[in-house]
Amino acid sequence: MTERKPPGVPFESWVDHQIGAAQRRGEFDGLPGAGEPLPAGLDSAYDELWWVKRKMAREGLTVLPPALALRKEAEDALAAAYAAPSECAVREIIRAVNVKIKDMMFRPPPGPPLGRKPYDVDEVVAEWRRLRETGGA
C-alpha cells in the first residue's frame, strides 16, 4: 500500500519522491515499451473521441459526408467498370451508380456539393473496349 502524503509536503515533491523510490527499487525495470519513443499525438489537446478515431483508423473506416462518400463510390465504380469482365457488367455497374448520382442531384444532401453528373454508359463502354484492346485495364 502506498504511504500517505505527509501534511505540509507539496504534492509534486511527494510524487517525485515516490517515483524516485520506485525507480531505485527497480519497479520500472523491464516494463513493455521501455526505451521506445512515446506514441505520436500525446502533445495534442484531449479529444473525447480519441478511441473512436483510433478504432476507425485500425479498421480502415471513414465517415464522410454523403456527397463525398458518393464521389468516392462513383470513382470506384468507374474503375470497377473498366476492369469488368464483360460489357454487360460494365453497363450494370454504371447504371447502379448513376441511379445514386441522380438521386443525390435531385435531393441535395448536407455538406459539400456532389460535383458529379451521371456517367454516359455508352462512353464508359467505349472506353472499356479501348482499354481492352490496348491492354490498359
Side-chain angles (χ1 to χ4, degrees):
M1 179 148 170
T2 306
E3 66 182 74
R4 298 184 70 81
K5 180 181 87 59
V9 175
F11 184 76
E12 291 80 11
S13 298
W14 181 76
V15 169
D16 288 337
H17 170 73
Q18 295 295 314
I19 292 172
Q23 285 175 324
R24 285 188 294 280
R25 291 189 303 269
E27 293 181 19
F28 296 126
D29 296 346
L31 291 175
E36 296 177 14
L38 293 173
L42 290 180
D43 57 346
S44 62
Y46 179 73
D47 181 2
E48 293 178 356
L49 298 176
W50 66 268
W51 62 276
V52 173
K53 292 174 183 175
R54 188 175 295 166
K55 172 81 171 163
M56 289 179 68
R58 194 171 50 246
E59 300 288 329
L61 302 172
T62 59
V63 178
L64 293 173
L68 295 181
L70 184 54
R71 272 191 210 177
K72 175 73 171 111
E73 186 177 344
E75 291 169 5
D76 292 347
L78 191 58
Y82 290 148
S86 68
E87 183 177 320
C88 181
V90 173
R91 291 181 182 279
E92 182 55 37
I93 292 167
I94 296 302
R95 282 190 187 115
V97 78
N98 278 349
V99 167
K100 294 177 181 181
I101 291 171
K102 287 176 184 175
D103 182 49
M104 193 166 288
M105 286 172 64
F106 296 116
R107 184 185 43 85
L114 175 60
R116 287 274 183 261
K117 62 180 183 174
Y119 295 113
D120 183 314
V121 176
D122 292 326
E123 284 181 15
V124 173
V125 168
E127 179 66 11
W128 173 81
R129 286 180 184 150
R130 188 191 67 73
L131 289 170
R132 291 282 178 198
E133 292 169 2
T134 62

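Placement of L68 and M105 in two distinct hydrophobic clusters is found when ILVMFWY residues are connected by side-chain heavy-atom separations under 4.5 Å, directly or transitively. When the side chains of ILVMFWY residues are joined at heavy-atom separations under 4.5 Å, either directly or via intervening members, L131 and V121 end up in a single hydrophobic cluster.
The CZ atom of R129 sits 9.0 Å away from the CD atom of E133 when rounded to the nearest 0.5 Å. Between atom CE of residue M104 and atom CZ of residue R71 there is a gap of 10.5 Å, rounded to the nearest 0.5 Å.
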Let me check something: any side-chain donor-acceptor pairs from residues 46-53 under 3.5 Å, sequence neighbours excluded? List them with distances.
| unit_1 | atom_1 | unit_2 | atom_2 | d |
| --- | --- | --- | --- | --- |
| D47 | OD1 | L49 | N | 3.1 |
| D47 | OD2 | K53 | NZ | 2.4 |

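Residues E59 and K55 are paired through a salt bridge, judged by an N-O separation under 4.0 Å between the basic side chain and the carboxylate.
The two atoms that bring R116 and I101 nearest to each other are O-CG2, 4.0 Å, heavy atoms only. V63 approaches M56 most closely through the heavy-atom pair CG2-CE, 3.1 Å. A84 and I93 make their closest contact through CB-CD1, 4.2 Å (heavy atoms, listed as atom of the first residue, atom of the second, distance). The nearest pair of heavy atoms linking A81 to V124 is CB-CG1, 4.1 Å. Annotation for F28 and I19: closest pair CE1-O, 3.8 Å, computed over non-hydrogen atoms.
With Y82 contributing its side chain and R132 its backbone, the two residues share no donor-acceptor pair below 3.5 Å. In this structure, N98 contributes its side chain and P118 its backbone to no donor-acceptor pair below 3.5 Å.
Residue-environment remark: CZ (R130) exceeds the threshold of 12 foreign heavy atoms within 6.0 Å.
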Working for salt bridge (Lys or Arg N to Asp or Glu O under 4.0 Å), residues R95 and E92: CA-CA 5 Å; R95 282 190 187 115; E92 182 55 37; 5.1 Å; no

Would you please test R91 and D122 for side chain to side chain contact (heavy atoms under 4.5 Å, CB included) and show each step? CA-CA 8 Å; R91 291 181 182 279; D122 292 326; 3.2 Å; yes

From CA spacing to verdict: side chain to side chain contact (heavy atoms under 4.5 Å, CB included), E75, L78: CA-CA 5 Å; E75 291 169 5; L78 191 58; 5.8 Å; no

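Under the 4.5 Å side-chain criterion, counting only non-hydrogen atoms from C-beta, D76 is not in contact with E73.
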